[in-house]
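Throughout, protein chains are lettered first and strands after them, A, B, ... in sequence-line order, and every chain is numbered starting at 1. Worth saying up front: this structure is predicted, and the values here are computed from it rather than measured.
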Amino acid sequence: MMYQEKYHQIERMLRACTSEEDILLTTGGDHADLASTIAFKLAKIEKRAPQKIAADIAEKLSGNPELGDVRVEATGPYVNFRFGPTLLGEAVREAIEPGYGALQRRSGRVVLEHTSANPNGPLHVGHIRNTVIGDTLARAFRKAGHSLEVQYYLNDMGRQIAIVSWGFDHLDIPREEGEKEDHYVARVYVAANREIEKNPIITEEIDHLMQKVERGDAETVTKFRRAVYLCAEGIKATLAALNAHHDRFVWESDFVRIGDVDRIVEQVRRLPQAHEDETLWVDLTEQGFEKKYILRRSDGTSVYSTRDLAYHTWKARNYDRMIDVLGADHKLIGAQLRATLGLLGEKPPEIVFFEFVSLPEGSMSTRAGKFISADELIEEVAAKAYEEVTARRPELPEAERFAIAKSVAIAAIRYDIVKVSPEKSTVFNWKAALDFERQSGPYIQYAHARACSILEKAGEFERAYHYETDHEVALARHLAKFPVAIEHTMQELRPHLLASYARELADLFNAFYHYDPVLKSEGETRNSRLALVDAVRNTLKESLETLGIDALRSM
RNA sequence: GGGUCUGUGGCUUAGCCAGGACAUAGCGCCGGGCUUCUAACCCGGAUGCCGAGGGUUCGAAUCCCUCCAGGCCCGCCA
């Protein structure tokens, strides 16, 4: 927390010194630990050269004993602050502590919903972008001191599920030997869709099934639930393989069953913006939406939006803060949901959108059976990882090589996804997915394993905290910023910030490793460098774990 | 057509919301480094009118406007 304390302290001092509220304090990049461009702003007001103003501010502040081990100087128009050796030592000392990066406990319960893919097939490479973003955010929130529950909203009454259920009833498709549940369900779903294309009458049967489910017809409900349960088993296995965890699976049909959907429909009907003709819909033109927001079909059944409204109303009443991770295809419906909740006087969720993942040949489609499943991806990447481990560490027992390969594969997959900003649409790329070199998860794992290896060989040592080489200083400065990286990731809901932080730390450590020998150095230098390696090890471990990646001690 | 996101070296990408110091890094390419703490590594080099054009500003990749290109959305699907 040294960095944040110094930030706030310098902020206060600059405010006092300039009588400005916004003192334009930023991380100084290569030039400094903190830097301010306040002189530009004051130049206009005072009609003096910014260089002179910066020099005056530096002069005034440098005499202040409160500054302690921070050096201040004006470089041209910039006021630069640099941490001295005592502070850097303190940063390293902090970074060695177990759990480094955790922030102060925060009050309030947060609910985060992610993945929530329809249970009509396995998760594919598009769905797991949602999973990785959501799970990483969940980990960052917990690390930042939030009490959090992670939910998967399981759609067990949509048209897709009706189609699957119809398929199980009318098509004789046996499950193959060893076939995973969700892949089996997808086969039934694809086959049923082909039947519907051949014979559109089936659509009416599907409609009929959906009406029965909405009425709570026991037999139909059981059939739907059985199909959904089967598929969810497969999905859960994939999520577990990806190190992603949900605290609760919320079944959509529960909101119909317990009457919440009826209640929300009644509330909506009382809204001045509500209209009822053959359907019930909300007019959101005042909120900037042209489209009718339909909440009841002409046959009286509810739609996805109705149940979603009920779900979010329930969340709003049971949690202090709601976060949803959704694909960009949900932007309109998500905005309509927020607007309608607003009209109802309910708290709207915060929504994290991510853009689409497509295949080189076009967008994915479960219905057309056109997708790369997450399971296939994991299998391919793990196979390549096993080859790599075997080539590098032939002496290790097979079980150990296998375990390492599994961790390396998940690291590669998760990092490859999380490192890209969510607002960027991507095209799935096998070459990139199978790359274990720089800017990859395994690259960061490797830096961690190196640090572990050095410490293991070092044995007992007495910690010292004295740093002077460029590589040592750069590392210590970066270690100090880890809590800030956690905070920004959480505040901005942008998990890729943490991915960048971890990669930069690994970069700096690798350079240090090459130039500054640790075990071969002596005395205080050796002890200081060992403490630094330990701090890097711990910070890499905390970063990796927040990214949902195993911090391997050996690879 | 309307909405929305994106456009940064051959490819991928950070920075953009909170404008400032030489635009971040990877892949690929060229060249170098393993009797030395795990080479899944490190170092050096070439490659950029930050999509185009206007504007605001002392200062624009970053803010505003227009245009161009691409993704996604615009269902009584979810």
So does [X] get a side-chain nitrogen or oxygen closer than 4.0 Å to the phosphate oxygens (OP1/OP2) of [N]?
| X | N | value |
| --- | --- | --- |
| A/Lys291 | B/rG75 | yes |
| A/Ser453 | B/rU38 | yes |
| A/Arg537 | B/rC37 | no |
| A/Tyr304 | B/rC76 | no |
| A/Arg503 | B/rA14 | no |
| A/Arg297 | B/rC77 | yes |
| A/Ser421 | B/rA14 | yes |
| A/Arg438 | B/rC42 | yes |
| A/Tyr443 | B/rC42 | yes |
| A/His496 | B/rG15 | yes |
| A/Lys424 | B/rA14 | yes |

Using a 4.0 Å heavy-atom cut-off across all strands, classify [X] as base, sugar-phosphate, or nothing.
| X | value |
| --- | --- |
| A/Ser500 | nothing |
| A/Ile333 | base |
| A/Arg494 | sugar-phosphate |
| A/Arg307 | sugar-phosphate |
| A/Tyr515 | sugar-phosphate |
| A/Ala35 | base |
| A/Gly76 | nothing |

| Does A/Ser302 offer a backbone N or O that forms a donor-acceptor pair with the side chain of A/Arg297 under 3.5 Å? |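 Yes; judged by distance alone, with no hydrogens or angles, the pair exists.
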| Any sub-3.5 Å donor-acceptor pair from A/Lys291's side-chain atoms to A/Ile333's backbone N or O? | no
Between [M] and [N], how far apart are the [atom1] atoms? Round to whole Å, please.
| N | M | atom1 | result |
| --- | --- | --- | --- |
| B/rC37 | B/rG44 | P | 22 Å |
| B/rC43 | B/rG7 | C1' | 33 Å |
| B/rC34 | B/rG51 | P | 42 Å |
| B/rC64 | B/rU6 | P | 12 Å |
| B/rU66 | B/rG26 | P | 38 Å |
| B/rU38 | B/rG28 | C1' | 26 Å |
| B/rC30 | B/rG54 | C1' | 41 Å |
| B/rG53 | B/rA46 | C1' | 31 Å |

What is the distance, to the nearest angstrom, from the [atom1] atom on [X] to the [atom2] atom on [N]?
| X | N | atom1 | atom2 | result |
| --- | --- | --- | --- | --- |
| A/Glu492 | B/rC16 | CD | C1' | 11 Å |
| A/His514 | B/rG44 | NE2 | P | 12 Å |
| A/His31 | B/rC22 | NE2 | C1' | 8 Å |
| A/Ile417 | B/rU13 | CD1 | P | 14 Å |

| A/Tyr78-B/rG20 aromatic stacking (under 5.5 Å, under 30°) | no
| task | Assess whether one donor atom and one acceptor atom, taken from the side chain of A/Glu278 and the base of B/rC76, lie less than 3.5 Å apart. | result |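 A donor-acceptor contact between them is present.
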| said: Once hydrogens and angles are ignored, does a donor-acceptor distance under 3.5 Å link the base of B/rA14 to the side chain of A/Gln439? | reply: no
Which nucleotide, if any, forms a Watson-Crick or G-U wobble pair with [N], using both distances under 3.5 Å?
| N | result |
| --- | --- |
| B/rU4 | B/rG71 |
| B/rC34 | none |
| B/rC11 | B/rG26 |
| B/rU66 | B/rA52 |
| B/rC16 | none |

Nucleotide nearest [X] (side chain, heavy atoms from C-beta), chosen from [options]:
| X | options | result |
| --- | --- | --- |
| A/Glu355 | B/rG71, B/rC76, B/rC42 | B/rG71 |
| A/Arg393 | B/rG20, B/rC41, B/rU38 | B/rU38 |
| A/Val420 | B/rC72, B/rA14, B/rC41 | B/rA14 |
| A/Lys431 | B/rC27, B/rU38, B/rU13 | B/rC27 |
| A/Phe40 | B/rU38, B/rG20, B/rC76 | B/rG20 |

| request: Please confirm whether A/Arg450 makes a cation-pi placement over A/Tyr513, using NZ or CZ under 6.0 Å from the six-membered ring centre and within 45° of the ring normal. | output: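 Cation-pi check for A/Arg450 and A/Tyr513: passes.
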| query | Would A/Tyr501 and A/His478 satisfy ring-ring contact (aromatic ring centres under 6.0 Å, His included), going step by step from the backbone distance to the final call? | reply | CA-CA 9 Å; A/Tyr501 176 87; A/His478 201 249; 4.3 Å; yes
| Steps toward side-chain hydrogen bond (donor to acceptor under 3.5 Å, both in side chains) verdict (A/Gln211, A/Asp299) | CA-CA 8 Å; A/Gln211 286 158 22; A/Asp299 68 3; 2.8 Å; yes
| task | Before giving the answer on side-chain hydrogen bond (donor to acceptor under 3.5 Å, both in side chains), spell out for A/Ser116 and A/Glu113 the whole-Å C-alpha distance, their side-chain angles and the decisive distance to 0.1 Å. | result | CA-CA 7 Å; A/Ser116 302; A/Glu113 180 205 333; 2.9 Å; yes
| task | Would you check if there is a donor-acceptor pair between the side chains of A/Thr469 and A/Asp516 at a distance under 3.5 Å? | result |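 There is such a pair (donor and acceptor under 3.5 Å, judged by atom type) between the side chains of A/Asp516 and A/Thr469.
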| said: The test is ring-ring contact (aromatic ring centres under 6.0 Å, His included); show your working for A/Tyr311 and A/Tyr153 and say whether it passes. | reply: CA-CA 9 Å; A/Tyr311 175 39; A/Tyr153 183 52; 4.1 Å; yes
